[in-house]
Amino acid sequence: MRNPLTLITGANGQIGKELTKALRNLHGTESVICTDLKPDPDPSGPFELLDITDINKMKQLIGDYKVTQIYHLAALLSSKGEQNPQLTWSINFDAYLKILNLAVEMEIDRLFFPSTIGIYGPTTPKVNTPQNASFLPSTVYGISKLTGEMWGQYFRNRYKLDVRSIRYPGVISYGTIPSGGTTDFAVEMFFEALAKGKYISYLLPDTRLPMVYMPDVINGTLQLMNAPIEKVSIASAYNLAAFSLTPASLAESIKVHIPEFEINYQPDHRQAIAESWTETIDDSLARSDWGWAPEYDMTSMVQDMLSNIRIQQNQVS
Ligand code: VAH
């Protein structure tokens, strides 16, 4: 494969910011072109405004920068996506199908598509969710991502486009606070515990969800993208997770470090979304195909989150 010149959509987001750092460390700042709908207040390298529904602008950027690989992260997440289903479909799917066609036309070497545990639904086995099962997602976010998975597999089979994808569980990180998701509580809780000593959870205490810590997300994503194609047995999307937690178990883990921390519960519309997903995942195919092996469990993640948020806040103050 040619020396990668990477274009990232949704680069200002929770995963985009961290992936940008990792790719620029690997390949050099100028080899990663970040794009997003809004300006990056703190760009660390090439940045272009891009509305991903503007496929002509994307084609122009790919040509201008001689892009060889794309990480297409731009999307509306599960909770925000329900506020405007038609817009969510337009952004999360219609735009993606145009990008798949553009990737073939522009002979892109490799394309990453983030899928999600949001593709699981009420008929999906809740424990040790298999790689293949009944998937009837209840959100437009999940429907758009499941459809995207199937089109990615089709473009690999029909047009030999090298599409790679992971079903991300809830992603926990300290660099960028996520928004519009159902798993955002697992990030918000840390910041509120440190700032106010209390948190009101929008999910019930025993709502168990699969999670992964950002360093493992980045390492796993790059492992998949750098794996020899013969190791990538599927182009739909790999199940992946590191640990599962509930709002109550995460609160208990935080209390080990902040004994005075208090949590209360006021479930909202996101409770039904969370209950439509699953609790634990079988990610054995990712482990056997390309060596997925998370380093962080909940205990080590909590320790790392709290210490890094404290460092971040001392730097700001
Ligand atoms: C969301 N964080 O909550 C995203 C994710 C597994 C959930 O896709 O919508």
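Whatever order the structure lists ligands and atoms in, that order sets their numbers, starting from 1. Below, each value reflects all heavy atoms present in this structure, side chains not excepted, and no hydrogens, waters or symmetry copies. These numbers come from a predicted model, not from an experiment. Note that the numbering runs from 1 along the sequence shown for the chain.
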Next item on the list: Please check if atom CD in Glu295 has more than 12 non-hydrogen atoms from other residues, nucleotides or ligands closer than 6.0 Å.
Entry: no
Note to self: What I want to check is whether the side chains of Thr6 and Gln69 have a donor and an acceptor closer together than 3.5 Å.
What the structure shows: yes
Margin query: One pair to check against side chain to side chain contact (heavy atoms under 4.5 Å, CB included): Glu82 and Val140. What are the steps and the verdict?
Written below: CA-CA 7 Å; Glu82 289 304 287; Val140 177; 3.7 Å; yes
Notebook entry, point to check: Against heavy atoms of Leu77, which atoms of ligand 1 measure under 4.0 Å?
Noted result: 9 (O)
Item checked: Side-chain H-bond candidate by donor/acceptor type, Gln14 with Ser173, under 3.5 Å -> yes
Check: Under 3.5 Å between some N or O of ligand 1 and some N or O of Ser79?
Finding: no
Next item on the list: Check each atom of ligand 1 against the heavy atoms of Tyr168 and keep those under 4.0 Å away; list them by number with element.
Entry: 6 (C)
Note to self: Can you name the atoms of ligand 1, numbered from 1 with element, that are less than 4.0 Å from a heavy atom of Thr116?
What the structure shows: 5 (C), 6 (C), 7 (C), 8 (O)
Margin query: I'd like to know if the side chain of Glu149 pairs up with that of Gln153 as donor and acceptor (distance under 3.5 Å, no hydrogens or angles considered).
Written below: no
Checklist line | For atom 8 (O) of ligand 1, the protein heavy atom that lies nearest, with its residue and separation | finding: Tyr141 OH, 2.4 Å
Checklist line | Protein contact of atom 6 (C) of ligand 1 - nearest heavy atom, named by residue and atom, plus distance | finding: Ile117 CG1, 3.2 Å
Margin query: Whether Lys145 engages the ring of Phe113 as a cation-pi pair (distance to the six-membered ring centre under 6.0 angstrom, angle to the ring normal within 45°) should be assessed.
Written below: yes
Next item on the list: First locate atom CZ of Arg167, then atom OG1 of Thr278, and finally report the distance between them rounded to the nearest 0.5 Å.
Entry: 10.0 Å
Item checked: Matching residue for Lys17 among Asp40, Asp42, Asp36 - test: salt bridge (Lys or Arg N to Asp or Glu O under 4.0 Å) -> Asp40
Check: Going by heavy atoms, is Gly118 under 4.0 Å from ligand 1?
Finding: no
Notebook entry, point to check: For Ser78 and ligand 1, does the shortest N/O to N/O distance drop below 3.5 Å?
Noted result: yes
Item checked: Atoms of ligand 1 close to Gly181 [distance to a heavy atom under 4.0 angstrom, numbered from 1] -> 1 (C), 3 (O), 9 (O)
Item checked: Short N or O distance, Thr182 and ligand 1, threshold 3.5 Å exclusive -> yes
Note to self: Show the atoms of ligand 1 that are less than 4.0 angstrom away from any heavy atom in Pro169.
What the structure shows: 6 (C)
Note to self: Checking a contact table here: which protein heavy atom is nearest atom 2 (N) of ligand 1, and how many Å away?
What the structure shows: Thr183 OG1, 2.9 Å
Check: Ignoring hydrogens and geometry, is there a side-chain-to-backbone donor-acceptor pair from Asp184 to Gly180 under 3.5 Å?
Finding: yes
Margin query: I'd like to check which ligand 1 atoms, numbered from 1 as shown, lie under 4.0 Å from a non-hydrogen atom of Gly170.
Written below: 6 (C)
